[in-house]
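Okay, structure first, notes after.
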Amino acid sequence: GFAAGFLGGAIAEPGPVAVVLGKARGWSPPTLRAMLIRFFLPVQILSLARFNAEGLLSADIVAQGTAALPLVLAASAAGTTINRKVDPEAFSDVVGGLVAGLGL
């Protein structure tokens, strides 16, 4: 938690720590995805609330986010479809590669 909070505050990138933790604990891909959702959703909600409290959410920004929503939903549907076709071992390799790539 501390490391993710530190990275989130320093470079807005708390995810790699959560992914490494899940891989180290040997979580299955469905468990890892579920735990990442439980991790990221509250972080994003609190971030949005804080941005709003600081006056950083203008009407233009909200409109841009709303305009992007159909693409986000389409990407989510595509990801779900791809997820059903990916071997769990290959998933683990891809996640490890992405975390290593983010570390560069």
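In this text, all values refer to a predicted model and were calculated from it rather than measured experimentally. We count residues from 1, following the sequence as given.
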Is a donor on one side and an acceptor on the other found under 3.5 Å between the side chain of Thr31 and the backbone of Trp27? no
Check whether Ser76 reaches the backbone of Val72 with its side chain - one donor and one acceptor, N or O, closer than 3.5 Å. no
What's the spacing between [X] [atom1] and [Y] [atom2] if we round to 0.5 Å?
{"X": "Ile61", "Y": "Thr66", "atom1": "CD1", "atom2": "OG1", "result": "11.5 Å"}
{"X": "Ser28", "Y": "Met35", "atom1": "OG", "atom2": "CE", "result": "11.5 Å"}
{"X": "Leu46", "Y": "Phe51", "atom1": "CG", "atom2": "CZ", "result": "11.0 Å"}

Non-hydrogen atoms of Leu32 and Gly22 that approach each other most closely: CD1-CA, 3.9 Å
Leu56, Leu48: one ILVMFWY side-chain cluster at the under-4.5 Å cut-off? yes
Quick test of your reading: applying side-chain hydrogen bond (donor to acceptor under 3.5 Å, both in side chains), list the pairs with at least one residue in residues 48-65, sequence neighbours left out, ordered by first then second residue. Arg50-Glu54
